[in-house]
Every structure is written in C-alpha cells, then in structure tokens.
Peer 1: 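One structure follows; several queries about it will come next.
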Amino acid sequence: MRSDPLQCQCHDSLTVILTCFCRISDLDNMTKGSQGRFLLLYGSQTGQAKAIAEEIFETSPNHGLDPEMHCISVTDKKFSIEKEKCVVIIVSTTGDGEPPDTATKFWRRIKKKTLTSDYLAGVYFTLLGLGDSNYTNFCRNGKNFNQRLEELGAGHFYPPGFADDATGLEIVAEPWIEGLYPALRKHLGLDGVSESQTGCPVSATNSTSDLCQGGEVRNDIGASSDEPLNPLERHTKVGSPFLDVQSSSVDTRMEHLSSVPNSASATSDDAEECSSDQRRVNHDQTTLGPSTNPGLEDRSASSVSKVSVTNHLEVSPEPNDMPSTSLRRPEGSKRGEKDRPLGDVEQASSATEGGAVTQTDGSASLRMSIPPLSESGLTLPVAPPPFLDVEFHTDQTLRTDDLPVQGGAPMPSAASPVTMATLVSATRLTRADAVKTALDVELDISETGIHYQPGDSFSIVCHNDSREVNDLIQRLGLQDKADCPLSLQVLSGTKKRRAVVPEYIPQPLCTLRHALSHCCDIRTPPKKAFLRVLVDHTHDASEKRRLQELCSKQGASDYGTFIRDPHLSLLDILTAFPSCNPPLSRLFEHLPRLQPRPYSISSSPLVDPNKLHFVFNVVVFPEGQGRNERREGVCTGWLNHMTKTEQHSDVSLASQMSKLSIHWDTKIPMFERTNQRFHLPAEPTTPIIMIGPGTGVAPFIGFLQHRACLLKTGACLGPAWLFFGCRHRDRDFLYRDSLEGYLSSGVLSKLCLSFSRDPSPSVTDESCKMGNATSDTPRYVQDNLRRYAAELCQLILEDKAVVYVCGDAKNMAKNVTTTFSDIFMQETGRTAYEAACLLATLREEKRYVEDVWT
Ligand code: FAD
C-alpha cells in the first residue's frame with residue numbers, strides 16, 4: 001500500500017475506547033448545553049481518518065464533550081477555523097506526502113501567504129496525523145498542517161500524534177485518543193464539572209453520509225428527532241459494565257487493575273468515582289509518535305504516564321470465568337507449528353489461580369496465551385453498540401449482476417467513474433521455479449473512455465475469492481440464505497450516533513453473497529473493536545478469555561503477533577474460535593469496505609490507445625500462523641484465478657507477446673486515478689534515470705514504449721538509464737527481451753542489472769559488457785547506483801536528469817534515497833545535511849519522483 005495508509009483497505013475503526021463513565025449520581029443531573037463544544041475535522045482518503053473522527057465523535061459525549069464534526073473539505077461553508085477556540089484534526093497523508101483530496105482546499109486556504117502570523121492567534125488545536133513510515137514523507141501532510149497552524153499563531157492544547165500504519169495505527173492512535181478527552185476537558189474548563197453536567201447531547205440527526213457532502217454533523221441540542229440517550233442506558237444496553245478508571249501514572253493504573261472485577265460479573269454498581277486530580281494529562285509531553293510509543297504493552301511507567309489512561313472496561317481473570325476446557329498446543333507440536341483445526345479443544349494444561357489459562361511449553365499462539373498475559377487483569381474497550389438490522393426477503397428474487405458496483409459509492413482517488421475494461425491476455429513473465437509469479441495483463445479499454453499517459457496508474461475494483469466467501473457463509477451457517485435478497489436498516493433505537501447503512505452495500509436489496517464478494521473486505525485483520533464485539537458472541541469461556549486478551553490493552557503485543565502481522569482474516573478468527581457465532585448484522589457493522597487496488601500502467605497509448613498493460617506479482621499468504629490454508633492476495637489472486645486457464649508464458653521475445661493475445665469476454669471494473677505525477681519529461685531530450693526492480697519496472701516499460709514510438713517519428717531522445725534488479729536472471733527477469741531490444745535500438749542508453757540470488761552473475765551491465773562477476777558484483781539496484789555514482793551526478797546535477805523510482809516502498813525506495821544521499825556526499829563533497837537538502841530540492845522540483853507501494 002501506498003503512503004496513504006488509507007490505501008490500506010480499511011475503514012479502520014480502531015480500538016477507540018467507547019465508554020460511559022459518568023457517575024451514576026451525575027446521570028440524573030444531566031442537562032443540555034455546549035460547554036464541551038469543540039470543532040472536530042477529518043481529512044480522509046479511504047476512510048480511516050474519518051472512522052477515527054467518528055469514533056471520537058461517538059464517544060465524546062461520554063466525557064461531557066460536544067464535538068461539531070465536519071469533513072475538512074467543507075471549510076468556509078460549514079466552519080471557519082479562525083473563528084474557533086478548540087479544534088481537533090484527524091488527517092491522513094496520501095501519495096507523495098500530499099493531503100487527501102478532501103483536504104486540499106483547506107490546505108490551500110491556510111497556506112495563503114497573505115495570512116498574518118496571528119491569524120489563528122485565538123485558536124487552540126491538536127492533530128492526529130495518519131501515515132506509513134514505509135514511505136519517505138511519513139505523515140508529511142499532518143506535519144505540514146501542524147506546522148502551518150502554528151505559524152499562523154494557533155497553539156496546542158494537546159500534543160499532536162502521528163500514527164504509523166506500518167506498525168499499526170492503533171499503537172499511537174489509541175493512547176492519543178485516550179489522552180485527548182482529559183486534555184479537552186481541561187482546556188475547555190470542564191475539570192471539576194461532572195462529565196454529564198456539561199449537558200452534551202448524545203444523539204443527533206445527520207447521517208455520516210452527509211459528512212463529505214457538506215452536511216453539518218454538529219450535535220444539535222434538541223434538534224435531534226432521536227431520543228437523547230442517557231449514558232448509563234447506553235452502557236447497560238450494550239451489556240457491558242463500566243468503570244471510571246483514570247490515572248496519570250501507570251502505577252495507579254496497575255493498582256487498580258489488580259482489583260477490578262470480571263466483565264462477566266460486573267454491573268453498573270461497579271462504577272467508581274474518580275477524583276479530578278486523576279483526570280490529568282501531562283502537558284509537558286512531547287509529540288506522540290512511533291518513537292515515543294513503542295507499543296501499548298511497552299508503554300510502561302515512563303511512557304504511559306505521559307498520557308492519562310482513561311476509561312476502559314477492565315477485566316480480571318477470576319474463578320467464575322475459569323474455563324472448564326481450554327485451548328492447548330497439541331502435544332509434541334512445536335512453536336510456530338500450525339494451529340490445530342477448528343474445534344480442537346483440549347483440557348487445560350494448567351490454569352492460574354486467577355483463572356487464566358497457561359501454556360506449559362511456554363509458547364503462545366492465536367488461541368493460547370501464556371503468563372503474564374494469561375494471568376493479567378485486562379483492560380478492554382467497551383463493545384461498540386449495534387446499529388444495523390438485517391432482514392432477509394425470502395419471497396423476493398434479485399439479479400445481482402444489475403447492482404451498481406459497491407452500491408455506486410464514490411471510489412477513493414477516482415478521476416473517472418467505474419468502467420468496464422475487457423480482459424485480452426495474461427502473460428506469465430516468470431519461470432515456474434521463480435519465487436514469485438509475475439503476470440502481465442492486457443486490457444481493452446476502447447469502451448471505457450479512459451485516456452492515459454505512460455506512468456499513470458489506475459485502480460481495479462476486485463472481488464473476494466468465491467471459495468473463501470462460501471467458507472465464511474458456511475461458517476456463519478447461512479448457506480440457505482446466501483442468495484436470498486436482504487435489506488439493511490439502521491437498528492431502531494440504536495445507541496450509535498449518526499448510524500447509517502454502509503453506502504458501499506447496494507440498497508434497497510442485496511444478497512449476502514454479493515455483499516461479501518463485492519463490497520466488504522473479509523480479508524483485513526479484524527480491528528480490536530471488532531474482536532471486542534466477537535467476545536460478546538463467544539460461548540466457550542476459554543475462547544472468550546483469549547479473544548478478550550487479544551483486544552485488550554495488555555494483549556496488544558499478542559494482537560500484533562497473532563492477528564495483524566500474519567494478516568489473519570475474520571474467517572481465520574472464526575475458525576480458531578468455533579464457539580464464536582456473531583450475528584450477520586455485527587459483521588456488516590465491522591467489516592470494512594473492500595478497497596480498489598491501484599496498478600501502474602506498463603504500456604504507452606502511442607502503441608495502442610485502446611490497450612493498457614499492467615504487471616503484478618501474485619501475493620501469497622502461506623498456510624500456518626493461524627491460517628489453515630494458503631491464500632493469495634485479494635486482487636492478484638482474483639486476477640490469477642480468472643486468467644489461470646489462459647495464461648501464457650513469455651517464452652522469448654517481446655514481439656511474441658502480442659501473438660499470445662486471446663479474446664475473452666471477461667470484464668474488469670476499473671477507474672482512472674487522480675494525482676498522476678509520474679510522467680515523462682515534457683522534452684524528450686531531457687535525460688531520465690529509471691530505477692525499478694521487480695514489478696517496479698512497470699511504468700518504465702510504458703516510458704520506453706513511448707520513446708520507441710517517438711524515435712520512429714524522428715524525435716531526438718535524451719539519455720535514458722534503467723536500473724533493474726530481480727532474484728535470478730533466468731527466472732524472474734521481467735520483460736528481458738523487450739529491454740534488450742530497447743537497448744540495442746538506442747531507446748534505452750544503459751541497462752544496469754542486478755540479480756540478488758544468482759550465485760555468480762556473469763554479466764551485470766548489458767550496455768558495457770563488463771564481463772565476469774567480481775566480489776563487488778551488484779546484488780541490488782543501489783549497488784549499481786553506487787557503481788555509476790560519478791555518471792549519475794553528472795546526469796542529475798549538470799544535465800538536469802529526472803530520477804524515477806518505482807516499486808517496493810518498504811526497503812528499496814528507502815535504500816535508493818540513502819544511496820543517492822551517499823553519492824551526493826561522495827561525489828560533490830556535500831555534508832549529509834546538504835545532501836538531504838539537495839534531495840529535498842530535487843523532489844520539490846519533481847526531478848526525483850517516486851511511485852512506490854508496499
Ligand atoms: P492483498 O490481499 O491486499 O494483500 C496485500 C497486503 O497483505 C499488503 O498490505 C501486504 O503488506 C500484506 N501481506 C502480503 N503478504 C503478506 C504475508 N505473507 N503476511 C502478512 N501480510 C502480508 N502492485 C503491483 O504488483 N504492480 C503494480 O504496478 C502496482 N502499482 C501500484 C501503484 C500504486 C499507486 C499503488 C498504491 C499500489 C500499486 N501496487 C502494485 C500494489 C497493488 O495495488 C496491490 O496492493 C497488490 O497487488 C496486492 O494486492 P492484493 O489485493 O492481491 O493483496
């Protein structure tokens with residue numbers, strides 16, 4: 001995924017802590033008012049920032065706070081930041097460190113040079129930036145916003161946080177949100193005022209679908225047609241006890257943990273008062289970010305004390321909850337072995353005094369914990385309230401083929417409507433013994449109205465694997481109803497504010513199979529809030545306890561190890577916890593939207609404007625680590641499956657590829673993307689340096705095709721260097737024949753190759769014919785960059801070449817940047833700082849451009 005963490009397929013309802021912590025006596029005193037009012041803005045690309053803002057919006061009234069929430073795009077129409085006193089901004093970063101589409105207007109507005117340094121003098125704000133540290137400009141947009149607001153005189157009432165999707169947004173976002181409420185209360189002068197006495201309403205009229213269409217989503221006092229909800233009622237209706245546990249130090253928290261009751265037995269009587277001095281936030285704290293927040297579990301004394309830990313439901317293992325059976329690693333199995341299949345539950349190997357199940361061989365797994373977690377009291381998020389109602393219409397039929405793609409909901413980063421391309425051919429570019437399978441797919445776009453340039457990317461609206469959908473339907477016991485029309489409504493009397501039916505599920509009728517196949521992301525690891533919901537639908541005590549652990553604060557590391565990192569899906573979780581039987585409505589509430597997948601175009605319209613090529617590796621998730629079978633990536637697996645019977649090998653010359661074309665009637669839903677910047681220079685004479693190992697070579701094939709066409713028409717071409725790398729010359733050297741052809745025709749001036757796993761590569765530089773490998777034989781593209789350091793400096797600094805980097809964001813792009821920095825230091829005598837400045841300038845001038853993804 002790209003630096004937009006929002007490419008990361010999720011409507012991310014993080015484990016934001018949904019709580020109701022008013023003292024019971026206060027509830028009677030509840031009045032309406034807006035003492036706790038603040039402006040809550042979000043700038044979202046694919047929904048994560050919006051989801052977090054909505055969670056804050058949802059839970060704020062429980063803290064006596066009254067947010068007015070808007071999509072940041074409605075600046076000037078619905079809010080004017082300079083008129084505000086207290087603002088909370090949740091904003092993501094997309095593309096190359098840019099604002100999401102919805103935030104560009106706001107950014108342009110606050111960037112105006114005419115604004116004075118006291119323009120926002122009366123404004124206090126905080127900001128949560130979402131980003132992905134795999135990319136060069138981690139949280140750049142959030143940081144830009146933060147800096148610019150400061151420049152305009154706005155002050156912080158609470159430090160900004162920068163959450164990293166590479167490690168898990170929740171690691172920073174959860175404690176940041178926890179600390180936000182007391183900070184807001186303090187800033188708004190509500191300390192000492194009971195949370196319920198601020199009189200903040202807890203229901204409202206507007207729907208979230210209004211949010212980005214200019215709809216105001218303020219908590220209108222008395223304007224709601226819904227009955228205002230009493231926090232206690234909210235709480236007890238969702239069946240969860242509550243406690244007011246607020247502490248500014250971990251010691252206090254831990255003390256409390258040791259004495260809290262079990263969720264199963266706690267009641268509203270467990271509500272405790274909390275003295276105001278416990279509701280503190282340390283205003284000396286520095287920015288919350290990955291470096292200061294290594295993880296929830298690791299936030300021991302020093303780091304936890306930076307943010308007050310508030311408002312969780314806390315659960316201790318206790319004898320009542322002691323499982324009669326528990327999950328245990330099968331005898332003789334080793335750490336890392338695949339979990340046993342569904343329903344394989346054995347007697348506990350041991351249970352601690354407090355009721356937790358322990359593992360005697362000392363290793364934890366998805367289904368089994370070990371001390372200290374298995375013996376720990378747990379701090380759980382309170383389950384989000386249900387808000388959807390599913391009704392099956394057995395007397396009706398529905399042709400799902402006619403349903404609009406994802407209910408016609410707008411697609412992220414879409415520059416065109418969803419349109420149907422026709423699949424023309426699929427060519428396997430790798431040998432059968434290559435580690436990865438790379439496929440080149442050709443689409444006919446003649447009926448799509450799409451026009452592209454080399455270097456553009458487009459998105460595919462993919463489907464989930466039909467077998468996996470079937471398995472899920474079966475696991476839910478809904479085989480009989482899979483194709484029966486169903487409708488979704490907002491649950492009458494729901495306690496969720498602004499509850500709406502997800503817009504990406506077709507209305508008024510859909511089917512379960514259609515929704516799970518086309519609309520919902522059934523692959524993304526369930527967020528902790530979702531796990532918390534699953535807890536309430538799990539019957540077996542030991543399974544329940546384990547699910548509680550996995551969504552608890554104390555189990556944050558286990559969540560990462562056993563769910564997030566191995567990328568387990570809902571089906572994997574339901575398989576591992578056979579007594580968990582959630583109702584369908586809860587799944588529709590928590591399954592995120594199935595996101596489209598972007599691909600770089602690997603062709604030029606000069607060759608054929610009606611055809612478009614792209615290349616991808618089939619993503620493989622191996623069996624094990626809680627997954628009972630090998631799976632393929634959602635989109636690449638779908639494409640692979642769809643083309644399987646017709647795939648051809650790229651046996652030799654590029655020219656043969658066209659001969660392999662076949663004609664099917666298979667349609668692929670796709671759309672053009674916005675923010676296309678990865679283009680050839682306007683002047684063909686401008687030198688270009690292309691760095692694209694693996695499938696990163698995709699756009700460069702388009703560039704080279706384009707140059708070949710220009711050359712044929714007599715154009716004068718500047719130098720073009722390509723740095724390509726793969727594992728083995730003979731197994732996964734993509735487009736080998738084409739590249740060698742471009743080299744010999746002069747379309748490509750230099751082809752620098754590196755083969756990371758070939759024991760003794762014989763030729764590393766096709767154009768120079770360097771001869772046999774030596775000890776410094778390049779293994780990676782950056783090795784070749786170093787080798788040609790002097791020439792590259794000449795090209796970039798003297799001849800004004802444009803550098804293009806495409807492909808893997810996790811390692812390659814970062815290494816390439818570091819290498820260029822080293823090269824500039826070595827070749828020009830610049831210091832590290834000066835080299836970094838030079839790179840920044842090149843980026844600014846769009847002479848160092850990246851198109852990278854994870
Ligand atoms: P998914 O089902 O989405 O799975 C991939 C996810 O799983 C990733 O988040 C990854 O981190 C994670 N993951 C993968 N393997 C494992 C594992 N073993 N264990 C745990 N987690 C794992 N891709 C190309 O191949 N070619 C391109 O030209 C291309 N161009 C792109 C251009 C842009 C602008 C962007 C943003 C992305 C591009 N991508 C490209 C990536 C592409 O969009 C998809 O993300 C990729 O093809 C995988 O999609 P999928 O649905 O098959 O995988």
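Everything quoted here is computed from the prediction, not taken from an experiment. First listed ligand is number 1; within each ligand, the first listed atom is number 1.
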Peer 1: Is the shortest distance from a heavy atom of V618 to ligand 1 less than 4.0 Å?
Peer 2: no
Peer 1: Could you pull out the closest heavy-atom pair between E672 and S416, with the gap in Å?
Peer 2: N-OG, 2.9 Å
Peer 1: Can you check whether T636 has an N/O within less than 3.5 Å of an N/O in ligand 1?
Peer 2: yes
Peer 1: Answer yes or no: does an N/O atom from S600 fall short of 3.5 Å to an N/O atom of ligand 1?
Peer 2: yes
Peer 1: Once side chain to side chain donor-acceptor pair (under 3.5 Å) is applied, do any residues pair with N144, and if so which ones, sequence neighbours excluded?
Peer 2: none
Peer 1: Of all the atoms in ligand 1, which lie at a distance below 4.0 Å from a heavy atom belonging to V619?
Peer 2: 14 (C), 15 (N), 48 (C)
Peer 1: Checking side-chain polar atoms at under 3.5 Å, does T430 have a donor or acceptor matched by the opposite partner on K436?
Peer 2: no
Peer 1: Do K810 and D132 sit within salt-bridge range, that is, some charged N less than 4.0 Å from a carboxylate O?
Peer 2: no
Peer 1: Using heavy-atom distances, let me know which of D456, T695, V615 sits nearest atom 26 (N) of ligand 1.
Peer 2: V615
Peer 1: Give the single entry among F616, Y599, F678, F614 that approaches atom 49 (O) of ligand 1 most closely by any heavy atom.
Peer 2: Y599
Peer 1: Would you check the N or O atoms of S457, main chain and side chain alike, for any that come under 3.5 Å of an N or O of ligand 1?
Peer 2: no
Peer 1: What atoms in ligand 1 come closer than 4.0 Å to a heavy atom of V634?
Peer 2: 1 (P), 2 (O), 50 (P), 51 (O), 52 (O), 53 (O)
Peer 1: Does a side-chain N-to-carboxylate-O contact under 4.0 Å join R627 and E629?
Peer 2: no
Peer 1: For R467, is the CZ atom crowded, meaning more than 12 foreign heavy atoms sit under 6.0 Å from it?
Peer 2: no
Peer 1: Can you list the atoms of ligand 1 that are under 4.0 Å from a heavy atom of V620?
Peer 2: 18 (N)
Peer 1: Using heavy-atom distances only, which candidate in P598, S459, S569 approaches atom 39 (N) of ligand 1 most closely?
Peer 2: P598
Peer 1: Considering all heavy atoms of both residues, which atom of P693 and which atom of C806 are nearest to each other, and what is their separation?
Peer 2: CD-O, 3.9 Å
Peer 1: Would C635 count as a polar contact of ligand 1, with the cut-off being nitrogen or oxygen pairs under 3.5 Å?
Peer 2: yes
Peer 1: If only side-chain N and O atoms count, and only distance matters, is there a donor-acceptor pair under 3.5 Å linking Q45 with S413?
Peer 2: yes
Peer 1: Just by distance, with hydrogens left out, do D456 and H679 show a side-chain donor and acceptor under 3.5 Å apart?
Peer 2: yes
Peer 1: Could you tell me, atom by atom, which parts of ligand 1 come under 4.0 Å of a heavy atom of D851?
Peer 2: 34 (C)
Peer 1: I'd like to check which ligand 1 atoms, numbered from 1 as shown, lie under 4.0 Å from a non-hydrogen atom of N617.
Peer 2: 25 (O)
Peer 1: For residues S603 and H613, is any side-chain donor paired with an opposing acceptor at under 3.5 Å?
Peer 2: no
Peer 1: Could you work out, for atom 11 (O) of ligand 1, the closest of H567, K810, Q595 by heavy-atom distance?
Peer 2: K810
Peer 1: I need the atoms of ligand 1 closer than 4.0 Å to a non-hydrogen atom of R673, numbered in the order shown.
Peer 2: 34 (C)
